[in-house]
Amino acid sequence: VQLQASGGGLVHSGGSLELSCAASGSGFRINGMNWHRQAPGKQRELVASSTSGGITNYADSVKGRFTISRDNAKNQVYLQMNRLKPEDTAVYFCEADYVVYGDTTVVGRSWGQGTQVTVSS
């Protein structure tokens, strides 16, 4: 399963961006689809998570500003980011937990390539 993220960029403080991530491959079912971020000199952190059943969770730092959503039919996940702050500046990564059904069942995790989000003050 391959993930392709897009939508990053440069925005002023208070602005908005939407990130998208599409999963491709064959014979898989995706369970969790999540967004993480990593700022310079910091550890990667989970920003928002979603289950295939629609349950979502957010880091305290983004609650009320970010919204994760999914299109399960298209195997895509989105992150709508509003009221962005300079501290949101980071590389954002999408991640998916999946199951591949075949002669054997394989459980795996894939990461997208990361997309840069820069928020200027």
Side-chain angles (χ1 to χ4, degrees):
V1 176
Q2 293 80 44
L3 300 180
Q4 180 69 43
S6 61
L10 172 65
V11 65
H12 290 298
S13 181
S16 299
L17 281 174
E18 184 179 51
L19 306 182
S20 300
C21 179
S24 62
S26 62
F28 66 92
R29 184 190 76 194
I30 291 181
N31 295 324
M33 292 191 86
N34 312 307
W35 288 97
H36 303 250
R37 69 185 180 187
Q38 187 166 18
K42 294 187 177 181
Q43 289 188 330
R44 190 172 296 188
E45 64 172 340
L46 177 63
V47 174
S49 63
S50 71
T51 70
S52 57
I55 297 173
T56 59
N57 281 290
Y58 299 90
D60 287 343
S61 58
V62 306
K63 279 181 182 176
R65 300 188 298 121
F66 291 11
T67 302
I68 187 170
S69 61
R70 291 171 61 160
D71 184 332
N72 289 327
K74 295 181 179 179
N75 289 316
Q76 294 183 356
V77 64
Y78 310 93
L79 186 67
Q80 177 65 44
M81 305 183 293
N82 298 327
R83 304 201 312 273
L84 283 160
K85 305 175 181 180
E87 50 264 44
D88 294 318
T89 296
V91 178
Y92 284 71
F93 299 88
C94 58
E95 173 256 313
D97 301 314
Y98 62 87
V99 179
V100 178
Y101 297 99
D103 292 339
T104 60
T105 298
V106 176
V107 177
R109 173 172 291 174
S110 285
W111 290 84
Q113 81 282 11
T115 184
Q116 177 71 46
V117 171
T118 303
V119 184
S120 63
S121 57

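Throughout, residue positions are numbered sequentially from 1 according to the sequence presented.
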K.L.:
Do any side-chain atoms of residues 3-28 form donor-acceptor pairs under 3.5 angstrom with protein atoms, and if so which ones, sequence neighbours left out?
P.N.:
residue : atom : partner : partner atom : Å
H12     : ND1  : S120    : OG           : 2.9
S16     : OG   : N82     : OD1          : 3.0

K.L.:
How many angstroms lie between atom CG of D71 and atom CE of M33, to the nearest 0.5 angstrom?
P.N.:
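With rounding to 0.5 Å, CG (D71) is 10.0 Å from CE (M33).
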K.L.:
Please find the pair of heavy atoms, one from V117 and one from M81, that lie closest to each other, and give the distance.
P.N.:
CG2-CE, 3.8 Å
K.L.:
Suppose the criterion is disulfide (SG to SG under 2.5 Å): which pairs have a residue in residues 52-87, not counting sequence neighbours?
P.N.:
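Sorted result for residues 52-87: empty, none.
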K.L.:
Going by the rule side chain to side chain contact (heavy atoms under 4.5 Å, CB included), which residues pair with T105 if we only count those two or more places apart in sequence or in a different chain?
P.N.:
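So T105 forms a side chain to side chain contact (heavy atoms under 4.5 Å, CB included) with V99, Y101.
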K.L.:
Rest of the hydrophobic cluster containing I55 (Ile/Leu/Val/Met/Phe/Trp/Tyr, side-chain heavy atoms under 4.5 Å)?
P.N.:
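Besides I55, the hydrophobic cluster comprises nothing; the residue is isolated.
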K.L.:
Taking the side chain as every heavy atom from C-beta outward, state whether D97 and N34 have any atom pair closer than 4.5 Å.
P.N.:
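Yes, at least one pair of side-chain atoms sits under 4.5 Å.
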K.L.:
Once salt bridge (charged side-chain N to carboxylate O under 4.0 Å, His left out) is applied, do any residues pair with K63, and if so which ones, sequence neighbours excluded?
P.N.:
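Applying salt bridge (charged side-chain N to carboxylate O under 4.0 Å, His left out) to K63 gives D60.
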K.L.:
So, using side chain to side chain donor-acceptor pair (under 3.5 Å) as the criterion, who are the partners of Q76 when residues are at least two apart?
P.N.:
Y78
K.L.:
With disulfide (SG to SG under 2.5 Å) as the rule and sequence neighbours excluded, what pairs involving residues 49-85 come up?
P.N.:
none
K.L.:
Main chain of V1, side chain of S110: is a donor-acceptor contact present, judged purely on distance under 3.5 Å?
P.N.:
yes
K.L.:
How long is the span from the NE2 atom in H36 to the SG atom in C94, to the nearest 0.5 Å?
P.N.:
9.0 Å
K.L.:
Apply side chain to side chain contact (heavy atoms under 4.5 Å, CB included) to N72 and list each qualifying residue two or more places apart in sequence or on a separate chain.
P.N.:
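Counting only residues at least two positions away or on another chain, N72 forms a side chain to side chain contact (heavy atoms under 4.5 Å, CB included) with R70.
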K.L.:
Excluding sequence neighbours, so at least two apart, what forms side chain to side chain donor-acceptor pair (under 3.5 Å) with Q116?
P.N.:
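Q116 satisfies side chain to side chain donor-acceptor pair (under 3.5 Å) with T118 only.
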K.L.:
First locate atom OG1 of T56, then atom CD1 of I68, and finally report the distance between them rounded to the nearest 0.5 Å.
P.N.:
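Going from the OG1 atom of T56 to the CD1 atom of I68 covers 7.5 Å.
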K.L.:
Through direct or indirect side-chain contacts below 4.5 angstrom among Ile, Leu, Val, Met, Phe, Trp and Tyr, which residues connect to F93?
P.N.:
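Listed partners: V91, W111.
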K.L.:
Enumerate the salt bridge (charged side-chain N to carboxylate O under 4.0 Å, His left out) contacts for residues 20-38, please, sequence neighbours excluded, ordered by first and then second residue.
P.N.:
R37-E45, R37-D88
K.L.:
List for me each residue that meets side chain to side chain donor-acceptor pair (under 3.5 Å) alongside Y58, sequence neighbours excluded, and say none if there are none.
P.N.:
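For Y58, no residue satisfies side chain to side chain donor-acceptor pair (under 3.5 Å) once neighbours in sequence are set aside.
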